[in-house]
Structure formats: C-alpha cells, structure tokens
Amino acid sequence: MRPPTPLLALAWAFLLALTPATPSSPSPAVLRLGLRTTDLGARLFREATSAPSSRHRNVAFSPPGAASVLAMLQAASAGGTRSQIEDGTGFRLRERGVPRALRQLQKALSDHRPEEETEVAATVSTADALFVQRNLALKPGFLPRFQRIFRQAVKQVDFTEPDRARSIINDWVEQHTEGMIQGFLREGLLDQLTRLVLVDAIHFQGQWALPFPEASTRQRLFHKPDGNTVSVPMMQQTARFSYGEFSTPEHMEYDVIELPYQGEALSMLIAAPFEVDAPLSALTAILSAQLVDQWKSNMTQVTRLLVLPKFSLESELDLRRPLEALGMTDMFDARKANFRSLSDQEPLFVAQALQKVKIEVNESGTKASAATAAIVYSRMAPLEMVLDRPFLFLVRHNPTGTVLFMGQVMEP
C-alpha cells in the first residue's frame, strides 16, 4: 500500500495521543476522564468542521482546553444549566472522585519527564485562571471550593475598564503559551457587563524521536479539497513507524501512522484517506476516543517512506454553535442561564466561548499552544426604551420654555 497522504486538517491529532507514560500508571478514574475529554473534543471538532465555513479550511482544536473551561462552568452553574453541561461533557464534578481525577489528569499531562535527565522529552504545560469582576459578590464558600478542585489562579479585575482587563488576560495567555498565542481576546469582546472570564492555556513542545533530515525537504504538490494543487515544502524520511490500515463503516479505506516524540510519552497520529479525492469528512464523522484506541491496538511496526508537509497554522473557533449542538444551550440564554452557584448578586450568562490554537510542525518537531475562554456577562442590561411604535416629538427652547417644533411619527 502506498504511504499515507500528508494531512493538514488532522494534524491536531497529537492532542488525542496525550496519554503520558508516567512512572506510576494513571488510575482508572483518570483514564476514564481522559477518554471522556477526548470524546468531548472529537464531538466538538466534528461539529466545528461540519459548518460550511470550516469544511475547506484548516482547523485546529484542543480537547483538554475545552473540557477544562466547561468543568469550571459546571462548578459555577446550577439547576438545568449544570445538568446540560454535565450531560454534554460526560462527567460530573458532583460525582465522588471526579474532582480528584481532574487534578490528577492535569498533573499527568505535565508529569512525564524521562528517567535520563540528558534526554530531551516532549513537554506539556497547562494553566487555568478565573478573572472575576472585583466587586462581584461571590457565594460564600465558592472560591475555596473552586480552588480546591482546580488549583487555579483567581484574579480580580475591573471590567469597567475593558481595555485594561483585556490586556491583563491577554498577557496571562501569552505568558502561559510561551508567546505563541498573542492578542487572544480581540477588542470589543469585553465590556462593562462582563463579570467573569474563565481561561485555560495549554502549551506543547516536542522534538521528533526521529527528526526529518532538512536536506531531504523539497517542494511537492499538495492536493486541496477543491481539486486544485499547491506546491509546498514536504519533509521526508524512511524509517520504522507504527502503522495501520483501516476502513470506515462506509468502506472508505484510510491509513494511520504514528510519529513519536523524544521521551516517547507523546506522539502525533496522522490519519488520511488512501484516495486523494476521498472526503476527509467521512473520517472526522466517526472520530472518537474508542476509534483512536482501535488505531493504537491494531498498528504494527513497518518500514515506510513518510512524506509530510511542513506547516504552521493558526485557527480560532467560536464554540457556541458546537456546544449548543451537544445540548449545552441554557448557559448562552440570558433568560435560562443559572450560575447561582457562583453568585446570586445578579443573573449571569455565557456571552462568548472561543478557542485559539497555533501549531508549528517542521523537521525537528512540533510546537503548539491553545487558549480557551468563556466570557460571562451580567444580563442586568440598562433599562431601555424601544421606540418601535408611533411617537410624538417636540423641540423646545429650554430657557424660555418655547416649543420650536412638534410633530408625530407614524412611520419612520
């Protein structure tokens, strides 16, 4: 069988392989949470890439980032809003052992240093932060409980100065993604109704266990979904890889190859249809944690000539539509959202949920970062007067009380 077609759109799959080889094996609870995180990510990725605007563009996504922010929202919510988030994520913070498993999973992702200190291992770092309006009255006991679960930074900011608050959050994201994600929150996302911003940052850096020789990189044609081709720099090497051949339920054949990073705790999985004109959507439609496990269980060591494009991509996803498609609708509805576990000072709802990912792949390895945020607004908007019916107008000279003009507007 010929070598797999190089694949840009699924290069984010290295995140699905974040199952670190820690000195002590992860507990069953941590493994279950890891699978649920991957499944949640696969479902959100499927929804995001099914949108007409995303079908033919590069998309990158971080499942742990989305899961972490949704876990934080779950802790802050109550009633039907919390039930929807629990059902959508597949885990419940109220269940015994889940908060501990969440902490252990975060630790496991970062705790995979090799025994040989001279060996350069792939590294993962994660961080969470809660940026809260400084005068928002939180429920008694919320912050201690929140910090006990997430072990995260809680920072008070003043959203009545939105530009300064945005700068503080963007600086935090830039710092925790090693400078890869800059200008995370764009101008206008925060305003005086903002009460809370929940942020997760993840950074990955790894050198290939078998680097690609730079001298072998050359221009080759890459086939785009619309049938056109473009010349791009392609890396290549001949080596032994874990490799498998599979088919979808609709009998579309595809192959999967695994590229380990130094330390071998992390690896990149790349999946591509055999045929150049086969739709990638047939593969993303069945993507799940169980499928990835099937790949790993049925791959064997074979010698292959691997040809892979060098690439750098940056994508930003609005997560509202994918989250609503998974049943998490109430938190975006100003009338239905229930975040009384956080505060009952004023009603709150999620106004924005977004994620930005940047990834760079070259001959030596991979560098990637992701930032995910949920922006929570107060729904206590200023009282309004909507002139959507006939009205009178008068133009008055106030010093003398003289009305200069008057009239009625029956139809503007």
Side-chain angles (χ1 to χ4, degrees), residues 12 15 41 44-45 47-49 51-54 56-70 72-73 76 126-134 136 152-153 155-204 312-325 328 331-334 337 348-360 367-379 381-382:
W12 67 279
L15 286 166
L44 289 172
F45 182 75
E47 292 294 336
T49 54
S53 60
S54 298
H56 293 154
R57 71 181 179 92
N58 296 332
V59 177
F61 184 70
S62 169
S68 182
V69 167
L70 287 169
M72 289 187 275
L73 285 171
T126 63
D128 298 301
L130 169 66
F131 296 89
V132 61
Q133 174 63 30
R134 62 179 51 168
L136 179 66
Q152 67 168 341
K155 302 177 183 295
Q156 291 188 331
V157 293
D158 187 359
F159 290 113
T160 63
E161 299 180 14
D163 288 339
R164 171 148 178 76
R166 185 170 64 90
S167 177
I168 292 171
I169 296 171
N170 285 348
D171 287 349
W172 184 92
V173 169
E174 184 174 344
Q175 176 188 347
H176 287 88
T177 59
E178 302 294 330
M180 287 194 75
I181 306 290
Q182 299 183 17
F184 174 50
L185 298 180
R186 61 184 179 275
E187 188 174 355
L189 276 182
L190 307 181
D191 62 25
Q192 295 189 2
L193 291 177
T194 306
R195 294 295 179 266
L196 193 72
V197 179
L198 306 152
V199 189
D200 175 88
I202 181 169
H203 179 71
F204 168 80
S312 174
L313 69 88
E314 188 169 350
S315 72
E316 183 172 338
L317 288 176
D318 182 343
L319 296 179
R320 175 168 180 165
R321 189 188 67 84
L323 289 169
E324 288 182 329
M328 290 173 269
M331 65 181 178
F332 295 106
D333 190 323
L348 305 170
F349 73 102
V350 177
Q352 295 275 344
L354 65 150
Q355 184 179 95
K356 180 180 275 190
V357 178
K358 187 172 183 179
I359 179 170
E360 299 173 358
K367 185 166 63 170
S369 285
T372 311
I375 301 172
V376 179
Y377 280 15
S378 166
R379 70 171 182 253

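- Remark: Arg186 engages Glu316 in a salt bridge, criterion side-chain N to carboxylate O under 4.0 Å.
- Applying the salt bridge (charged side-chain N to carboxylate O under 4.0 Å, His left out) rule to Asp333 yields the partners Arg335; only residues at least two apart in sequence or on another chain are considered.
- Shown here are the side chain to side chain donor-acceptor pair (under 3.5 Å) partners of Glu360, two or more places apart in sequence or in another chain: there are none.
- Counting heavy atoms from C-beta outward, Val350 and Leu323 have side chains that stay 4.5 Å or more apart.
- For the residue pair His176 and Ala127, the shortest heavy atom distance occurs at CD2-CB, 3.4 Å.
- Distance check: Asp128 CG to Trp172 CH2 gives 6.0 Å after rounding to the nearest 0.5 Å.
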Using atom types as modelled, flag every donor-acceptor pair under 3.5 Å from a side chain in residues 157-164 to any protein atom, sequence neighbours excluded.
residue: Asp158; atom: OD1; partner: Gln133; partner atom: NE2; Å: 3.4
residue: Asp158; atom: OD1; partner: Thr160; partner atom: N; Å: 3.0
residue: Asp158; atom: OD1; partner: Thr160; partner atom: OG1; Å: 2.5
residue: Asp158; atom: OD2; partner: Thr160; partner atom: OG1; Å: 3.0

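- At a threshold of 4.5 Å between non-hydrogen side-chain atoms, the residues Leu348 and Leu196 do not count as touching.
- Qualifying salt bridge (charged side-chain N to carboxylate O under 4.0 Å, His left out) partners for Glu174, counting only residues two or more places apart in sequence or in other chains: none.
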Counting only pairs under 3.5 Å, give me each side-chain donor-acceptor contact of residues 351-358, with atom names and distances, residues two or more places apart or in other chains.
residue: Gln355; atom: OE1; partner: Ser62; partner atom: N; Å: 2.7
residue: Gln355; atom: NE2; partner: Ser62; partner atom: O; Å: 3.0
residue: Gln355; atom: NE2; partner: Thr372; partner atom: OG1; Å: 2.7

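- Leu185 contributes atom CG, which lies 12.0 Å from atom CD1 of Ile168 (distance to the nearest 0.5 angstrom).
- Remark: Arg166 pairs with no residue by the salt bridge (charged side-chain N to carboxylate O under 4.0 Å, His left out) rule, at least two apart or across chains.
- Met331 places a side-chain heavy atom less than 4.5 Å from the side chain of Leu73.
- The two residues Ala373 and Val197 come nearest to each other via the heavy atoms CB-CG1, 4.4 Å.
- Using cut-offs of 30° and 60° on the angle between ring planes, the pair Phe349 and Tyr377 is perpendicular.
- Here CG of Leu44 is found 10.5 Å from CZ of Arg321. Values are rounded to the nearest 0.5 Å.
- With rounding to the nearest 0.5 Å, the separation of CD in Glu47 from CZ in Phe61 is 11.0 Å.
- At a cut-off of 3.5 Å, with distance as the only test, no side-chain donor of Thr177 or His203 sits close to an acceptor on the other residue.
- Separation of atoms CG (Leu319) and CD (Glu324) is listed at 11.0 Å; rounding is to 0.5 Å.
- No donor-acceptor pair under 3.5 Å is formed between the side chain of Ser68 and the backbone N or O of Pro64.
- Atoms OG1 and CG, on Thr194 and Asp191 in that order, are 4.5 Å from each other to the nearest 0.5 Å.
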